[in-house]
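One structure is given below, encoded as structure tokens.
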Amino acid sequence: MSTSAITPVPFGRRVKRFMADRPLVPLIILLVILVVILQILRPGIVNERWIANTIKFAIPLAILAGCQTMTMLTGGIDLSVGTVATMSAFIMATQIVNQDPAIAFLLAMMPAVLIGLVNGIGVGVFRVHPLIMTLGTSLIGTGCLQVYQRTVIASGAKIPDFLAWLGTGVTPIVGFAFPNALLLFVPLAALIVFTLARTGFGRLLYAVGDNERATRLSGVQYWQVITALYVTSSVLAGITGLLYIGLIKAPSLSLAEPLVLPSVAAAVIGGTSIFGGRGGYTGTIIGALILTVLTTLLTILQMPEGARRILFGLIVLFVTAAYLRIVEER
Amino acid sequence: MTTSPLLDATGVAKNYGAVAALRNASLSVLPGEVHALMGANGAGKSTLVKILTGAIQANAGRFLIRGEARDIRSPAAARRAGLLPVYQEPSLIPDLDVLSNLRLTGTPVEPFRAWVRELGIADLDLRDTARDIPLAVLRVLDLARALAVEPDVLLLDEMTAALPANLAEKVLEVVRRQGDAGRAVIFISHRFVEISALCDRATVLRDGETVGVVDIVPGVEEKIVELMLGTRIVKTHVAARGAAEKAAPAPARPRIAVKNLRVGTKLNDVSFDLRDGEVAGVVALEGQGQDELFAALAGSIRPSGGTIEVDGQQAKFAHPIDAIRAGIAYVPGDRSEALAMQRSVRENIALPFSAALRNWGPINMRKERDTVLGAIKRLQIDTRAQGEVQRLSGGNQQKVTIARWIAADARTILCFDPTRGIDVGTKQEIYKLLRELAGHGKSVLFYTSELEEVQRVCDRVIVIFGGRLVDIFPVEEADEPALMRAAYGLPRGAKADVGILAAPNASEPGATP
Amino acid sequence: MSHFLRRHGWVVGLFALLIVLFIATRIIQPGYDSGDFGSLARAVLPYAFAVAAQTVVVIAGGIDLSVAAMMALTSVTAASMMAGASEEYALFVVPFVLAMGFVLGALNGLLIVVTRVPDIVVTLAMLFVLQGAALLVLDAPGGGAAEWLKALISGTVPIPGLPDAIDAWLPKVLLVLIVCVCVIWIPLRRSRLGLSIYAIGSSELAAFRSGVPVKRTRIIAYALSGLFAAFGGLALTMSTGIGAPIPGPYLLASVAAVVLGGVALGGGKGGLLGPIVAVFVLRLVRTDLTLLAIDPNVTAIIEGLIMVAVVMFGAFITMRGRQ
Amino acid sequence: AAGKYTIGISNTVQGNGWREEMVCAMKAQALASGEVAKLNIAHRNTDAAGQLEDIRNLISAKVNAIVVNPADPAGIKAGLEEATKAGIVVVAVDQAVTEPSAYIISNNQEEYAYLGAKWLFQQMGGKGEVFYMRGAAGASADSDRDKGFKKALAEFPNVKVAQEVFTGWQQDQAKQQMLSFLATGTPFNGVWTSGIDNVIVDALVESQAPLVPVVGADNAGFVGQLSSVKGLVGAAVTNPGSIGGAGVTLALQILDGKKPAQQTVLVQPQLWENATEEGKAKLKAAADPSLSPEWPVSISIPDWTTYTKDQIVACKGPGE
Ligand SMILES: Nc1ncnc2c1ncn2[C@@H]1O[C@H](COP(=O)(O)OP(=O)(O)OP(=O)(O)O)[C@@H](O)[C@H]1O
Ligand SMILES: Nc1ncnc2c1ncn2[C@@H]1O[C@H](COP(=O)(O)OP(=O)(O)OP(=O)(O)O)[C@@H](O)[C@H]1O
Ligand SMILES: [Mg+2]
Ligand SMILES: [Mg+2]
């Protein structure tokens with residue numbers, strides 16, 4: 001069986017195998033190619049300001065895609081993240097008007113924890129399919145938010161300065177404008193990557209997604225893992241909401257909804273299996289960057305809206321398929 | 001022999017990435033013969049069967065069916081060519097009832113019914129959903145479904161491995177008659193008794209290569225084992241218990257005391273003790289309640305009556321975690337039930353460490369590696385395919401499921417048929433390991449479908465029939481006929497004819513036409 | 001009998017729920033009569049086709065996120081072809097649009113089989129593609145529909161010999177639904193192809209080993225889904241007389257009704273009757289909430305609660321059954 | 001006085017500031033009129049087929065009048081016809097419907113776009129490049145506005161469209177599109193938005209881009225910016241959500257036997273700009289920082305609505 005090492009391997013195969021062992025490489029190459037295309041179409045567009053903007057918009061998407069990555073590892077999905085983020089953002093913006101910031105923050109995170117808990121119990125204890133469970137809670141959440149909106153019409157809304165600073169601000173370091181959102185994102189991403197790779201909880205996510213019965217026989221209590229997972233996912237979504245309201249600066253009742261499907265797409269492009277047990281967060285981050293750059297690219301191409309959507313769909317499909325091909329080589 | 005082969009495969013090769021499952025395998029089967037395909041775990045037997053029946057494609061190889069070159073591209077094509085398999089795993093569609101399963105494969109119903117009856121299952125409702133049917137019965141249905149279309153070549157991959165003795169015996173009878181009727185059977189089994197009772201010739205595989213074709217004559221076993229294992233040393237008598245071990249004084253109170261245990265209608269009023277430092281064997285025919293007994297002790301299901309005492313304390317298990325906390329670990333017979341197949345060997349072995357809420361934090365990687373490596377070494381797991389457990393062979397997968405509990409240092413291990421479908425070499429290792437565990441003061445409850453193993457490994461035998469405890473006796477009194485009689489619910493001492501397995505050497509090898 | 005109940009218990013329960021809801025409706029609004037039932041049936045039509053489309057692929061072990069977009073595309077295609085055209089021309093448009101749905105559905109399946117990308121991702125990508133295509137066909141709601149098509153779903157079926165009072169409870173639209181669904185579903189259910197669809201949903205490996213052409217079956221399942229979605233698109237055009245390029249809420253509704261209808265999301269289990277009854281239940285709940293003049297925002301909460309509660313209840317029942 | 005009528009309301013866009021104000025205006029007006037016993041509101045996100053369902057449910061509920069913001073002018077014809085047959089008064093607000101028996105009271109969308117675009121092109125000196133930020137592709141209000149925009153464009157041959165995008169009437173998408181556009185460095189002299197306006201000003205300010213003239217709607221946030229952001233020249237075109245209240249008034253008038261002369265009543269938009277002192281004064285009067293930034297500030301329509309600001313903000317109908 002060791003003979004394969006002796007026979008010379010053709011160069012093409014070697015490249016493929018190299019990429020298969022480092023699945024991030026092809027993703028990064030794709031990202032670079034997209035940026036180059038952008039630069040060719042609009043010379044000069046790739047400048048400091050553009051990079052900062054792209055990062056700013058990719059971060060909320062990347063965090064939500066992190067929620068999808070973690071839930072997808074267990075074979076689930078969290079479609080309530082859009083609603084949760086919107087709720088946190090809206091509650092923050094309306095409560096800050098006449099509340100202490102700390103209390104407003106706690107109030108804003110409350111629905112996140114609650115929805116996460118309900119999702120977790122529904123999926124973990126009652127074994128409701130995550131797709132249905134999270135769709136249901138997002139419907140309920142949206143309804144509650146609308147009822148809540150009635151009660152605050154009179155008092156108006158305000159974006160806390162701190163969130164605006166975090167969402168839109170940049171800090172020049174050695175001549176380059178770093179978006180402040182990175183202050184939040186870098187530690188968060190590091191934490192997620194570490195959790196998945198080096199903690200018991202991360203191990204359990206992979207194992208539960210792979211074979212739930214086996215984990216049960218090993219003493220794992222499924223409902224605990226799932227509940228902790230969906231609460232984590234919801235809390236992350238809530239934090240994203242706060243960041244996003246700082247970026248958009250306009251509270252609306254559907255603020256983060258448009259991010260939901262792209263967040264699933266980003267996780268999938270990043271190589272996480274929707275069936276569970278396989279994937280990681282680094283790929284997801286690059287997936288989010290790819291989608292953000294792609295959106296810019298399609299905006300710049302002067303095409304009818306219909307053609308743009310067709311192109312978006314085809315590219316997502318093509319990228320996922322190509323990536324699967326490369327990684328399967330292993 | 002002048003007859004031309006019914007099926008002739010030569011130079012078959014199959015690679016899974018860097019792993020060569022088959023390198024240069026060949027197989028030639030004559031009409032009317034029952035042909036054994038033998039080899040250690042991972043030798044490539046299942047792979048060859050899958051290739052011959054179109055379930056996977058070979059990378060190389062030449063296939064002749066009745067002298068004609070054929071390319072078998074799909075299971076449907078194999079079926080048309082008269083090749084029908086019964087795979088190692090059941091292949092009825094779980095959510096369809098039996099009747100629909102028959103319609104799906106175009107199997108005639110009446111012959112199927114007749115075969116099912118012949119194979120010893122009297123009360124099958126064709127409208128039962130496959131998912132609700134016990135594993136052993138499913139295997140028999142798979143066989144009956146294959147028989148019903150009267151294939152030219154029947155390929156049985158460890159058909160008898162998951163079967164209780166009564167069903168296995170029926171299967172063997174039927175298979176032998178197939179040979180007599182001029183059809184061919186390719187028969188995979190790790191049980192020499194069956195091979196010598198049934199087969200005419202054997203093809204032996206080692207590391208994906210055919211290393212010999214032998215006629216089955218009395219005394220050929222040694223030769224086959226030699227071929228199978230190459231230079232590996234076998235048949236060291238590990239199982240014999242040392243005298244010192246035996247002399248150890250019995251502890252004051254049992255490790256586990258089961259009293260009047262009842263589970264639904266399947267298990268009734270069962271009481272026995274399990275002591276530290278002993279291996280207790282459970283002997284039962286298929287479906288006599290042993291599954292429920294193990295599941296209840298492992299905390300997988302809740303008993304409906306009776307008590308389980310651990311170290312003198314009454315225990316209530318609501319979840320496997322409770323049993324694990326009490327030091328009781330369960331190794332299921334079905335490996336796919338115990339392993340996260342896409343994860344690494346290391347993660348699978350370390351899985352119980354992360355289970356408890358307080359161990360969800362950062363992992364001490366060095367400590368984990370040392371523990372895992374220790375267990376791997378102790379069980380001599382072949383970890384060339386480290387990355388994903390699903391790439392290990394069946395035997396090595398089984399070792400991983402046991403290694404997990406060695407690493408976690410469980411005090412009591414419940415082993416449910418751990419040697420199912422495992423080659424002789426590995427089996428020996430497992431026997432040795434169980435004895436060693438007992439030697440270190442651990443206790444083992446051991447169910448096996450092979451009676452011979454009971455004598456080799458156990459100190460005491462617990463016999464269950466119809467959900468009730470029949471007898472408990474020391475291993476010294478447990479010769480095979482005695483066990484067999486007890487397993488059929490007959491009182492000790494009574495005489496009864498229990499079929500060919502009781503006296504395997506009495507039957508002649510099937511005659512070639 | 002117990003066999004029947006065990007297998008169809010869920011559907012029977014749903015029927016019972018539907019009857020309870022009808023009684024509740026009569027109590028809330030004593031004037032609720034046959035005409036109102038006709039309205040209900042007309043509201044059900046596009047949902048029923050959407051849910052049929054979803055059911056076929058879910059049984060085959062997949063999911064189709066492009067159902068609503070497919071309905072939008074087929075609807076605008078039909079509407080833009082029929083705009084200003086003669087009544088007879090519609091006779092050609094209808095089969096054309098159905099064929100289009102079938103082919104595009106098959107394309108969904110083909111992409112899943114060829115690219116080996118998970119179905120949920122392929123159909124998500126196709127959702128964007130089909131939406132885009134719909135916008136290229138009509139960039140704003142518009143087009144038209146033949147009068148005979150619109151008439152097909154209004155009024156009742158006069159059955160000779162039956163008193164008018166009973167006739168009135170047989171809206172034409174219900175007949176259209178039953179005919180369209182039965183013509184496809186019943187022969188399918190009885191054929192080997194139908195069995196194969198259940199088989200690949202239940203266990204792909206076992207199906208393959210049983211000689212089922214897995215890939216071909218999957219493609220056909222998606223093609224049938226496309227066909228039902230095209231019926232749904234036509235239903236939209238029939239009831240509104242126009243085509244709208246922005247997809248309606250049929251995707252979520254179809255998934256919810258599939259689950260309520262007792263079809264396991266894992267595949268291999270369930271039938272078409274359950275989900276269609278579930279659609280009636282969900283629509284009737286909506287009607288009742290409107291009749292009760294409940295705050296619209298509370299309505300959203302109640303709909304979500306029903307969905308979650310019923311599914312949890314179902315899960316609870318199965319858990320109890322297993323023990 | 002306890003009212004005597006039950007009025008049904010059907011709306012198909014939920015969670016959008018403008019539509020929320022419209023529904024609140026309907027409730028407030030129903031309450032203020034004193035003639036309405038009960039409102040029956042079907043207010044959710046759906047399409048023409050869903051609205052047909054809602055309308056039919058309202059018919060089943062035996063309401064006296066239905067006030068509807070149509071998802072599509074032609075798509076709900078069958079339902080409206082059935083309603084009229086059942087003796088129910090039908091009033092369409094905001095957009096027209098093709099059903100001849102229905103009354104229509106609406107903002108003039110074509111005029112809305114024409115007015116704002118014309119002012120913008122004049123501000124640009126009749127030449128240059130405009131960034132054209134439309135609404136949702138496929139929505140009928142969007143295509144009506146497109147007509148008005150194109151009409152104005154035809155009058156200024158030297159004005160070119162630098163880029164045309166669909167914001168989907170979504171704040172975040174619009175902001176990202178603006179930022180991407182700014183990053184390309186394409187020169188432009190004005191921005192026309194279909195009502196997603198305050199985030200655009202934010203984007204311009206944040207990226208320190210030159211503040212070109214911006215046209216938006218009379219949303220509270222944008223109106224505030226027109227007075228507070230230094231150097232910003234812009235105009236808000238009114239597109240009152242309170243048209244909903246006017247619809248209720250019209251329905252009540254018809255129920256009381258006072259039919260209007262025509263089937264269609266158009267409410268003409270106004271333009272408030274901050275380029276002249278006169279305009280600034282108007283803006284100041286209109287500005288209302290207490291409102292949600294997405295709500296239009298023109299919360300009432302003279303002659304048509306009688307409720308107070310507190311009533312519309314409270315958003316309570318009769319019996320609540
Ligand atoms: N899908 C797969 N991917 C990678 N390797 C595989 C795969 N299937 C089998 N193998 C490898 O091919 C070899 C032969 O496996 P096979 O299952 O044919 O063995 P076997 O002789 O049937 O063993 P056993 O007696 O344990 O059933 C093993 O080394 C196994 O690890
Ligand atoms: N991460 C790990 N890596 C390797 N071995 C481990 C790990 N965690 C536990 N073990 C070993 O598994 C056995 C039982 O583990 P168990 O989880 O019961 O211990 P524990 O409760 O974590 O102990 P403590 O909390 O005191 O460290 C012990 O022998 C322990 O050393
Ligand atoms: Mg095998
Ligand atoms: Mg094997």
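Keep in mind that what you see is a predicted model, and the values were worked out from it rather than measured. Numbered from 1 within each chain, the chains take letters A, B, ... in sequence-line order.
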request  = Could you tell me whether A:Phe194 atom CZ has more than 12 heavy atoms of other residues or ligands within 6.0 Å of it?
outcome  = yes

query = Quick one: are B:Met341 and A:Asn211 in side-chain contact, heavy atoms under 4.5 Å?
reply = no

note = Bottom line for B:Leu339: the part with an atom under 4.5 Å from chain A's heavy atoms is backbone

message = Checking the side chain of B:Arg343 only, and the main-chain atoms of A:Arg203 only, is there a donor and an acceptor separated by less than 3.5 Å?
response = no

key: Residues, nucleotides or ligands: over 12 heavy atoms within 6.0 Å of A:Phe105 CZ   = no

task = Considering non-hydrogen atoms only, spot the tightest contact between A:Ala207 and B:Leu351 and give its length.
result = CB-CD1, 3.6 Å

note = Quick note, salt bridge (Lys or Arg N to Asp or Glu O under 4.0 Å) partners involving residues 223-240 of chain A, not counting sequence neighbours, are none

task = State, yes or no, whether a side-chain contact exists between A:Tyr206 and B:Gln342 at a heavy-atom distance under 4.5 Å.
result = no

ask   = CH2/A:Trp223 to NE2/B:His319 distance, rounded to the nearest 0.5 angstrom?
value = 10.0 Å

query = Take atom CZ in B:Arg420; do more than 12 heavy atoms of anything else shown fall under 6.0 Å from it?
reply = yes

Where A:Ala214 and B:Ala340 come nearest, the two heavy atoms and their spacing = CB-N, 4.3 Å

request  = Name all residues meeting the side chain to side chain contact (heavy atoms under 4.5 Å, CB included) criterion together with B:Gln57; count only those two or more places apart in sequence or in a different chain, and write none if there are none.
outcome  = B:Arg73

ask   = Salt-bridged, B:Glu368 to A:Arg198, with N to O below 4.0 Å?
value = no

key: Proximal component of A:Val208, with respect to chain B [non-hydrogen, under 4.5 Å]   = neither

key: Proximal component of A:Thr215, with respect to chain B [non-hydrogen, under 4.5 Å]   = both

remark   = Note: A:Leu217 and B:Pro332 closest approach over all heavy atoms is CD1-CG, 3.7 Å

key: Rounded distance (nearest 0.5 Å) linking atom CG of A:Leu204 with atom CG of B:Asn359   = 9.5 Å

request  = Decide, yes or no, whether a salt bridge links B:Glu388 with A:Arg278 under the criterion of side-chain N to carboxylate O below 4.0 Å.
outcome  = yes

query = Where on B:Ser336 is there a heavy atom nearer than 4.5 Å to chain A: the side chain, the backbone, both, or neither?
reply = backbone

message = Please rank A:Val220, A:Val225, A:Thr199 by heavy-atom pairs under 4.5 Å with chain B and give me the top one.
response = A:Thr199

request  = Could you grab the distance from atom CZ of A:Phe201 to atom CG of B:Leu357, nearest 0.5 Å is fine?
outcome  = 10.0 Å

query = Taking atom OH of B:Tyr330 and atom OG of A:Ser218, what is their separation to the nearest 0.5 Å?
reply = 12.5 Å

